[in-house]
Amino acid sequence: MPLFFLSALYCPFCGAERWAIVDALGRFGTWQNLNPSQSTAGVDGIAAVPTYDFVHAAYTSSYVAFVARDAADAQGNPLQPLQPGERDLVNRYDREGGIPLLVVDGAFTQVSSGYSPGLLAGKSFEEIHAGLGGGSVAAVAIHHEADVLSALICYADGGQPRDVCAAPAVRAIVQGIR
Amino acid sequence: MIAAFRLVLGEPQTKVIGGVGFILAAALFALTGQMVVWSSAGPSVLATPDRAVAFTVLAGLVGLDVAIQSYALRLRLDRPGGKAGVGALAIAFLGASCCTPLLWPAALSLLGVSGVTLLGLSAALHRWFAVAAGVAALALLGSALQGLRALSAGCGIRRTAPS
């Protein structure tokens with residue numbers, strides 16, 4: 001099941017979405033070389049948002065074929081060129097060129113982050129990471145967005161793996177997809 | 001020009017039109033500028049001071065411009081043969097308000113520019129937000145001032161020498 005993510009290193013909304021992607025895809029496979037990064041301070045008037053670096057990360061899964069592209073670096077210079085198939089996805093599903101862009105199985109798309117990066121701005125990577133097990137507003141937002149992504153993957157992939165797709169929060173969202 | 005400004009804002013109907021324009025523009029800027037992000041978990045607001053000020057100023061200018069241009073349009077239509085030039089007024093207003101840099105991606109997309117091309121433009125607009133907002137403000141201010149100037153001339157308001 002293909003999942004395409006287009007973002008940029010400077011972009012705070014992309015930084016916020018990466019937390020949810022790491023959470024969601026961690027349920028379907030394994031991350032490697034996943035290191036901290038941050039968005040550029042001041043872009044969109046937002047302080048630096050701690051996030052993950054996808055440029056040097058690798059992801060393996062039996063369920064999800066994940067492709068991430070960072071179109072620009074922290075200064076806004078071109079970074080990872082898009083392949084022809086990826087350009088088609090952008091031209092088809094992201095006609096205004098907004099980022100971040102998520103395309104799940106060519107069936108579901110999302111432009112922008114599923115929650116506000118303002119919830120993460122000004123905090124340290126370690127602070128956010130440590131808080132994921134708690135009930136902070138940021139943790140709830142990240143987990144909820146991860147549940148939404150998981151539900152879309154489960155829906156597209158026929159409910160596999162069952163332990164992930166049978167989770168109450170994920171199952172409730174899947175049932176709401178029409 | 002000040003007399004024309006008083007004339008425009010002296011009408012309750014024009015004030016309402018300007019107020020509606022302000023509210024609609026503020027809502028549009030908040031959504032397109034991602035100040036309000038709508039997700040399945042509900043709305044979340046990200047109102048940093050500089051963006052809040054920029055959007056409020058821009059929405060205020062849109063409201064002012066709408067009020068002035070609608071007044072000018074009404075005057076024009078009330079005159080015999082006044083339909084001439086109405087299109088030019090409408091185009092001038094649309095050019096100043098609807099196609100501001102903040103909304104370029106949406107407008108260009110409608111014109112057929114590809115998403116990949118606009119991706120680069122979006123990046124530039126985000127990085128140069130202050131410049132883009134400044135250009136939009138100047139365009140709107142220019143349109144409003146031009147409208148006032150046209151009204152001053154059209155209404156025959158002249159500074160008279162003291163007798």
Side-chain angles (χ1 to χ4, degrees), chain A residues 6-13 16 20 40 42-47 69 71-79 81-82 84 86-99 101 110-121 137 140-145 147-148 151 173 176-177, chain B residues 28-58 98-134 136-137:
Chain A
L6 176 65
S7 63
L9 299 189
Y10 67 82
C11 159
F13 293 86
T40 303
V43 173
D44 289 342
I46 302 169
R69 290 282 179 268
D73 66 11
Q75 285 74 45
N77 304 310
L79 185 61
L82 297 176
E86 296 160 3
R87 295 172 68 90
D88 289 343
L89 284 178
V90 175
N91 287 333
R92 182 179 299 176
Y93 299 117
D94 187 13
R95 291 180 180 172
E96 294 178 18
I99 50 172
L101 166 70
Q110 174 178 298
V111 179
S112 189
S113 56
Y115 64 98
S116 172
L119 298 176
L120 310 179
V137 177
V140 170
I142 291 168
H143 291 318
H144 181 78
E145 177 67 359
D147 287 338
V148 171
I173 297 168
I177 299 173
Chain B
L28 188 65
F29 287 140
L31 288 172
T32 58
Q34 295 183 317
M35 188 177 275
V36 177
V37 177
W38 219 277
S39 70
S40 52
S44 52
V45 179
L46 177 61
T48 53
D50 57 343
R51 289 170 72 77
V53 168
F55 288 156
T56 304
V57 169
L58 285 173
C98 293
C99 304
T100 58
L102 288 169
L103 302 177
W104 277 357
L108 291 175
S109 174
L110 281 174
L111 293 175
V113 178
S114 75
V116 170
T117 304
L118 290 174
L119 178 63
L121 179 63
S122 293
L125 283 177
H126 278 290
R127 288 195 60 73
W128 297 97
F129 173 75
V131 176

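Reminder, nothing fancy here: chain letters follow the sequence lines and each chain counts from 1.
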Original post:
So does A/Arg95 have more than 12 non-hydrogen atoms from other groups sitting under 6.0 Å from CZ?
Top reply: no
Original post:
So which part of A/Leu101 gets closer than 4.5 Å to some heavy atom of chain B, the side chain, the backbone, both or neither?
Top reply: neither
**OP:** Could you look at A/Ala8 and say if it's the side chain, the backbone, both or neither that has a heavy atom under 4.5 Å from chain B?
**Re:** neither
**OP:** Could you tell me which of A/Ala121, A/Ala141, A/Gly97 has the largest number of non-hydrogen atom pairs under 4.5 Å with chain B?
**Re:** A/Gly97
Original post:
Tell me, side chain or backbone of A/Asn91 under 4.5 Å from chain B's heavy atoms, or both, or neither?
Top reply: both
